[in-house]
Amino acid sequence: MIELNHVTKTFASKSGNVHAVNDVSLTIDTGTIFGLIGYSGAGKSTLIRMINLLEKPDRGSVMVDGEDLTKLRNVELRKKRQKIGMIFQHFNLMEALTIQQNVAFPLRKSGLTKSQITQKVNALLSLVELSDKADSYPNQLSGGQKQRVAIARALANDPTILLCDEATSALDPQTTESILALLKKLHASLGLTIVLITHQMSVIKTIAKKVAIMENGRIVEQGDVYDIFASPKAQITKKFVDSTTQMASITSLIDAGYELMQCDPNEQLIQLTYIADSAAQALISKVSRQFDVDCNIVFGTVEVIDGKPLGQLIVKVNGKSADMVEAIDTIRQANVKVEVIRS
Amino acid sequence: MIETWFPHMSNPRMIEELLGCTVDTIIMVLTSALISFLFGLIVGVVLTITRSDGLHPNKLIFNILDKTINILRSIPFLILIMILIPATRLIMGTSIGVNGAIFPLVIGTIPFYARQIESVLSEVDHGLIEASEAMGCTTVEIIIHVMLHESIPSIVRVSMITIVNLIGLTAMAGAVGAGGLGDFAIRYGYQNYQTDSLWVSLAMILLLVSIVQCVGGIIVKKTTH
């Protein structure tokens, strides 16, 4: 378990002090995939670097499996760091070393014999499906391949935690998918705790179980990824959620005054959010019959997040206002979130 | 034909002397290169890690080294040789000949080389250093396995530049009795008006420089991946 308790980090700059991380407390359970999202400058890079103390907090404690890293001596800290793997946006491989030597690099002090190291490196390379590149140099590899090598290197000392610092931000969407799939596979097979920071909500959606949203050095919202997607609260969270669904484009259609989005006096435009359990019911047609309202489905999507469906509908309802109120109430009672966009 | 173009250099005694001087130059260059590379590398590394954005920032050490280098580098080499004469006598036992030249050559080269090493090491990707810290490397390991090892091609390149520079300095040291090809050119070519000796010694120096650059090029190619 990783616990950050009231950590603070301030950098001095010409224009005054910058609170990169401002009194943040965070608990990351063992074996989870925890995503930290925020725009650049939000402090997420500084925060993830506190977990292996590359960035020493000015105040607060960093507990990893019950041990306060800020209290460790340098020798102990280096030992501990070997059990916390880390990968980076720009891979950070040694260009003068072959792939095999890169992966073997963290094993120099492991006490393993030469043949044991070779064996281990080979196993790691086959885990990331790069066995055929053992004798190549990093410059001969594509970005995705380099990140695979970096992952193999990060896993060399059998860490329990893997920190991913914008690990897919320099990669194209397809390669991002494959790297995320690899991380998922490693999470499942090795029971790794993965902490990743990103500015792409799609990465969170694909892989994370828990998410925290950071802004101006603070965590503004956190929880299960599904819950955050189903009912984002903070403004910035809504923005991030919208960025991965099509809902953002609907909002802009409304703002642009598109005809279909306009409402007559007896009409309402509502947004329905179905969570896992309620998604199966035939609510719309039921309500339509029961309360004598016409429902025109303007737009709908279903996202699968953390293995569970999350549906969203934009519906234009037409009917007497009393009927509409009752209809919306009924929908709400069925555990569907209703937001009136326009009436 | 040869005697018309090379009236003095066709003399076997002169050829022997030229070869002797070439050997002297090679000895001076290699000895002072080895010593100054060792110290220059250390100074360059210390400069890099004590900088304000280095691994172990230390204003005092950085400033002392930085200023000393600046001062030493602004002293013209010919004057440096003369200023160092007492120190050279003390350390080498003599201030003339090949041995007398090595000490000022080393003092003149260390600052030059250290600066180049500093600039090479400062180009090492900070991400690499961060990654090694995250892997639990010590500072010494980072210096040796990351900063220096990753910079081998660049270090070779600046070393070759420094050797070529040294060859030039040995010629200047010849002016104050250091021996070597510079001395040869001055004694025969300049003072005795033997133009052919002057040109032959120049050709010899150019040959040495070309060999150094050729070898350097091969090593750079072999170590760049």
Could you list which of residues 26-42 of chain A have a heavy atom closer than 4.5 Å to any heavy atom of chain B, in residue-number order?
none

Any chance you could measure A:N102, atom CG, to A:K146, atom NZ, to the nearest 0.5 Å?
11.0 Å

For chain B, find which of A:L93, A:N74, A:L163 contributes the most heavy-atom pairs closer than 4.5 angstrom.
A:L93

Side chain to side chain, B:V98 and B:T25, heavy atoms closer than 4.5 Å:
no

Heavy-atom cut-off 4.5 Å, strictly under: side chain, backbone, both or neither for A:K109 against chain B?
side chain

Please identify, among B:E130, B:H145, B:H149, the residue contributing the most non-hydrogen atom pairs under 4.5 Å to chain A.
B:E130

Heavy-atom distance under 4.5 Å to chain B: side chain of A:L97, backbone, both or neither?
both

Could you tell me which of A:R108, A:Q89, A:Q140 has the largest number of non-hydrogen atom pairs under 4.5 Å with chain B?
A:R108

Quick one: which of A:N52, A:L77, A:L54 has the most heavy-atom pairs under 4.5 Å with chain B, could you say?
A:L54

Can you find a pair of side-chain heavy atoms, one from A:T160 and one from A:L192, that are under 4.5 Å apart?
no

Is there any ring pair (Phe, Tyr, Trp, His ring centres under 6.0 Å) pair reaching into residues 94-149 of chain A, and which pairs are they, with sequence neighbours excluded?
A:Y137-B:H225

Minimum heavy-atom distance between A:I87 and A:A154, given as atom pair plus value
CG2-CB, 3.9 Å

Which region of A:I84, side chain (C-beta onward) or backbone (N, CA, C, O), has a non-hydrogen atom less than 4.5 Å from a non-hydrogen atom of chain B, or is it both or neither?
backbone

Between A:T98 and A:Q101, does any side-chain donor sit less than 3.5 Å from a side-chain acceptor?
yes

Taking side chain as everything from C-beta outward and backbone as N, CA, C, O, which of these in B:T224 sits under 4.5 Å from a heavy atom of chain A? Side chain, backbone, both or neither.
neither

Verify the distance criterion only: is there a donor paired with an acceptor across the side chains of B:Q116 and B:S119 at less than 3.5 Å?
no

If I measure from the heavy atoms of chain B, does A:M86 come under 4.5 Å with its side chain, its backbone, both, or neither?
side chain

Any side-chain donor-acceptor pair under 3.5 Å between A:H19 and A:T8?
no

From the options B:V43, B:L166, B:I155, B:L38, select the one residue that forms a side chain to side chain contact (heavy atoms under 4.5 Å, CB included) with B:Y113.
B:I155

Can A:S61 and A:N5 be counted as having a side-chain donor-acceptor contact under 3.5 angstrom?
yes

